[in-house]
Engineer: 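Below: one structure in structure tokens.
Throughout, a chain's letter reflects where its sequence line sits, starting with A, and its residues are numbered from 1.
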Amino acid sequence: MKDIFKDLNEEQKKAVECTDGPVMVIAGAGSGKTRVLTYRVAHLVQKGVEPFQILALTFTNRAANEMKERIISLVENQDAKNVWMGTFHSVFARLLRVDGHLLGFPSTFTIYDNDDSKSLLKTIIKELGLDIKIYNSSYVLHRISMAKSNLITAPEYLEDSELQTYDRHSQKPQIGQIYSIYQNRLFKASAMDFDDLLFFTNVLLRDFPDVLLKYQNRFRYILVDEYQDTNYSQYIIVKRLAARFENLCVVGDDAQSIYGFRGANIQNIFNFKKDYPDFQLFKLEQNYRSTKTIVSAANTVIQNNKEQIFKEIWTDNEEGSLISLLKAASDTEEGILVAHSIFENKMNKQLENSAFAILYRTNAQSRSFEESLRKLNIPYRIYGGLSFYRRKEIKDLISYFRMVVNPSDREALLRIINYPARGIGDTTMEKIEVAAGQQDQSLWEVMNQLHQNSLGINSGILHRIDDFITKINSFRVQLKNRNAFELAEHIVFSTGILKDLQEDQTPEGISRAENIQELLNAIRDFVDSPRPANEETGELSEDQSPRSLDEFLGEVSLLTDLEPEEEKKDKNKVTLMTVHSAKGLEFPYVYVVGLEENLFPSYLSMNSRAELEEERRLFYVAITRARQKLTLAYAMNRYKWGNLTMSQPSRFVDEIDQVCFDLPKKVKMNPGPAKKLTPMDSPEKPRPIIDTGDYLDISSIQIGTMVEHQRFGKGKVLAVEGAGPNKKATVHFSEAGNKQLLLRFAKLRIIE
DNA sequence: AAATAGCGCTTTTTT
DNA sequence: AGCGCTATTT
């Protein structure tokens, strides 16, 4: 057996050894927090605790994967992979798939992401006749999310005078009603949003004592990472699960709490003392990551916050180089200064690109750095922005998968009912929506009953709806006899999604087709990988059947990112990301940029001390990412929403002790003239309108007529339907494929 | 039905 | 500036 204690300092060792009873570890930045967590799990396994009796909850999938890998390499025991490790959401989604039927949810329930939630909210808001601009769907979702995170149901929301007063005050008194309808619709669609996963776990554990007991007995040892970022709902889940054995270890750092804006509650750290008076507290105060200069700068900054648990971070590391401050005239120049600095350091010190990170407050800031890095031929990778699974083409394909698994899924249905275009438009779907609302049924159910009640939809469209239903049902049949990859590939081809994307030969279009391919690759990997441990026993699955599409969907709906094959090969790139996404990471050279008042700290966080302190913690997180060298940058002028605005250096820069800084050398650099239009770029000439007057006489069209369209070129009429001004034709164009055209508008020419 | 032109709004983000 | 949604055009 490996002696795991030799890698730990005294305090870390104590935190690892103290396995029984409630434990809180307050771990400063760079103090080996992850190390303690992983070694603690390893120690438990070495002591003989069954891996499936250990539950380790993290905040991100990345953290979970990282920890899992480390533990497996640490414990020379393959059973270690049976430790229940994952995000709150993924672990409890799994639990709800097993026991959610007690609450009326099928095991195949769909998980709605924020886009799905917002689109559902939007229809509800419209149905209520409310102004979509006043009832902004993001805002409404945020309010509902806050309520759910605090375990407030819709009826409770409607009765809570404080919430009602608040909503009336902000001119949105109907949020409670929206919440109520929203919840109803989710249930009808057999769907849960992200907050529901935690909310309904709480309901399950509260109302079904035998279920609670089952999981209390299973999870004898519970560990929670990033405890400062948990919300009330998560706190209660943990409290319930740990109530029987109280072998609970939470690890966190109040100084790194940066998710208050979405409901994280630092109070959970203080509540710990009340809930478990006999708890053991360990403080990790030695920083192993950064130089003395960086640690001392971070300490002086965070001292400006009033609300914090006292601790003193120190380090044995060398003094290190001083902090540089780059003052730029403009955002463009800021990009140039940073890129040149990276180039210089890279050359002088022979460093890898991956040694550098540029951290900013908002995603929109990345552009000037991208441009300058590109000019110097320095490869970089931007994190954040739209993640893989939120891209349109991916969501479209996954919506087909979702329909196969759960046809009640309203949002999935609406996405794909007319994609690729099959001539079922908004008007038709509105009729179906109205009927569904009246009959309290899902859209799918209404569509399946159109033979009895056509809702005034004409026969051509009814036929196409039938085709759609038949298609989805044929996929459903194959769920059990084809593996996930085979079925997914079949769906991609038989729906014509790939064909549709391949018609678009713009760079964006090509990249979309590649993304579909990338998703198929991921599904192939999924099929080739073994099943996880059995939910009930924790033992490895004996089920040797191929992994199916519903299994894939169950795993994928909580993932945000997929690393494309090429990224896996070439990791030697400069990292560009927001400070938020940099939490938990470290880099030898870190550039924290855009340090201006109203940007960092953000103008939206200037109203209260609490918000400003969160910004300061964010800055604290930013500077403590650096191992060796920290560089700060700001611009005197910056383009904000299209116009140039002057700015002042951030107060956070002043909060760092002057002695930590490099001599402020004045760097002069010409950012170069902005790109001007050259005579060659003169605006495109307006296209002459071709009007031969020889357009199609609507009455003369019939199946087989050859026609020409201004944009689509030559084509053959396949079908005609409707009458008078609403007459429509389906035309097959040799270049553009099948199109439905309203003849009143489409300027077709007969080309017999 | 499908394409396009114009209007308005802009944090942070993971699940 | 840049994206998403609505209104308008074809």
Engineer: Tell me, yes or no, whether the heavy-atom count around A/Arg390 atom CZ, taken from other residues, nucleotides or ligands under 6.0 Å, exceeds 12.
Structural biologist: no
Engineer: Between atom CG in A/Asp426 and atom P in C/dT6, what is the gap in whole Å?
Structural biologist: 11 Å
Engineer: Distance check, rounded to the nearest 0.5 Å: A/Phe199 atom CZ versus A/Ser145 atom OG?
Structural biologist: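 Output value for this atom pair is 12.0 Å.
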Engineer: Let me know the distance between CD of A/Glu555 and C1' of B/dT15, rounded to the nearest Å.
Structural biologist: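 Atom CD in A/Glu555 sits about 15 Å away from atom C1' in B/dT15.
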Engineer: Can you name the residues that form a side-chain hydrogen bond (donor to acceptor under 3.5 Å, both in side chains) with A/Arg62, not counting sequence neighbours?
Structural biologist: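 With sequence neighbours excluded, A/Arg62 shows a side-chain hydrogen bond (donor to acceptor under 3.5 Å, both in side chains) to no residue whatsoever.
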Engineer: Considering every strand and a 4.0 Å limit on heavy-atom distances, what is the contact class for A/Ala93: base, sugar-phosphate, or nothing?
Structural biologist: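 Nothing: the residue A/Ala93, judged by heavy atoms under 4.0 Å, touches no strand.
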Engineer: Start with the C-alpha gap between A/Ile398 and A/Leu519, add the side-chain angles, then the distance that decides, and say whether side-chain contact (heavy atoms from CB on, under 4.5 Å) holds.
Structural biologist: CA-CA 9 Å; A/Ile398 287 193; A/Leu519 181 61; 4.0 Å; yes
Engineer: Distance check needed: B/dG8 P versus A/Asp131 CG, whole Å only.
Structural biologist: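 Result: 13 Å.
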Engineer: Which sits closer to the 5' end of DNA chain B, A/Asn418 or A/Ser90, going by the nucleotide each is nearest to?
Structural biologist: A/Asn418
Engineer: Starting at CG of A/Asp331 and ending at P of C/dA1, how long is that distance when rounded to a whole Å?
Structural biologist: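 About 12 Å, once rounded to whole Å.
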Engineer: What's A/Lys122 touching, base or sugar-phosphate or nothing? Going by heavy atoms closer than 4.0 Å.
Structural biologist: sugar-phosphate
Engineer: Over how many whole Å does the gap from A/Glu370 atom CD to C/dA1 atom P extend?
Structural biologist: 18 Å
Engineer: Is the distance from OP1 or OP2 of B/dA1 to the nearest side-chain N or O of A/Arg422 less than 4.0 Å?
Structural biologist: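 A/Arg422 to B/dA1 OP1/OP2: no side-chain N or O under 4.0 Å.
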Engineer: May I have the distance from A/Lys118 (atom NZ) to C/dG4 (atom P), rounded to whole angstrom?
Structural biologist: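 Taking NZ of A/Lys118 and P of C/dG4, I get 11 Å after rounding.
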Engineer: Please, which pairs that meet salt bridge (charged side-chain N to carboxylate O under 4.0 Å, His left out) have at least one residue in residues 121-135 of chain A, sequence neighbours excluded?
Structural biologist: A/Glu127-A/Arg185
Engineer: With respect to the phosphate group of C/dC5, does any side-chain polar atom (N or O) of A/Lys133 fall under 4.0 Å of OP1 or OP2?
Structural biologist: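 So the side-chain polar atoms of A/Lys133 never come under 4.0 Å of the phosphate oxygens OP1 or OP2 of C/dC5.
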Engineer: For DNA chain B, find the residues of residues 190-202 of chain A with a heavy-atom distance under 4.0 Å and give them by number; none if there aren't any.
Structural biologist: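 A/Phe194 - these, ordered by number, are the residues of the stretch whose heavy atoms sit under 4.0 Å from the strand.
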Engineer: Provide, to the nearest angstrom, the distance between the CD1 atom belonging to A/Ile132 and the P atom belonging to B/dG8.
Structural biologist: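 For the pair A/Ile132 CD1 and B/dG8 P, the rounded distance is 16 Å.
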Engineer: At 4.0 Å (heavy atoms only), tell me whether A/Asn643 reaches a base, stays on the sugar-phosphate, or touches nothing.
Structural biologist: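 Result for A/Asn643 = nothing.
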Engineer: Of all residues at least two apart in sequence or in a different chain, which pass the side-chain hydrogen bond (donor to acceptor under 3.5 Å, both in side chains) check with A/Arg391?
Structural biologist: none
Engineer: Between protein and nucleic acid, restricted to nucleotides 10-14 of chain B and to nitrogen or oxygen atoms under 3.5 Å apart, what atom pairs and distances do you find?
Structural biologist:
from: B/dT12; atom 1: OP1; to: A/Asn363; atom 2: N; distance (Å): 3.2
from: B/dT12; atom 1: O4'; to: A/Arg361; atom 2: NH2; distance (Å): 2.9
from: B/dT12; atom 1: O2; to: A/Arg361; atom 2: NH2; distance (Å): 2.5
from: B/dT13; atom 1: OP1; to: A/Thr578; atom 2: OG1; distance (Å): 2.3
from: B/dT13; atom 1: OP2; to: A/Asn363; atom 2: ND2; distance (Å): 3.0
from: B/dT14; atom 1: O2; to: A/Arg262; atom 2: NE; distance (Å): 3.3
from: B/dT14; atom 1: O2; to: A/Arg262; atom 2: NH1; distance (Å): 3.3
from: B/dT14; atom 1: O2; to: A/Arg262; atom 2: NH2; distance (Å): 3.3
from: B/dT14; atom 1: O4; to: A/Asn114; atom 2: ND2; distance (Å): 3.4

Engineer: Just by distance, with hydrogens left out, do A/Gln183 and A/Asp196 show a side-chain donor and acceptor under 3.5 Å apart?
Structural biologist: yes
Engineer: Can you confirm whether more than 12 heavy atoms, excluding those of A/Tyr389, are under 6.0 Å from its OH atom?
Structural biologist: yes
Engineer: Pairs of donor and acceptor atoms involving the side chains of residues 134-144 of chain A, under 3.5 Å and at least two apart or interchain, shall be tabulated with distances.
Structural biologist:
from: A/Tyr135; atom 1: OH; to: A/Gln174; atom 2: N; distance (Å): 3.0
from: A/Asn136; atom 1: OD1; to: A/Ser138; atom 2: N; distance (Å): 2.8
from: A/Asn136; atom 1: OD1; to: A/Tyr139; atom 2: N; distance (Å): 3.0
from: A/His142; atom 1: NE2; to: A/Phe261; atom 2: O; distance (Å): 3.4
from: A/Arg143; atom 1: NE; to: A/Tyr157; atom 2: OH; distance (Å): 3.3
from: A/Arg143; atom 1: NE; to: A/Asp167; atom 2: OD1; distance (Å): 3.1
from: A/Arg143; atom 1: NH2; to: A/Tyr157; atom 2: OH; distance (Å): 3.3
from: A/Arg143; atom 1: NH2; to: A/Asp167; atom 2: OD1; distance (Å): 3.0

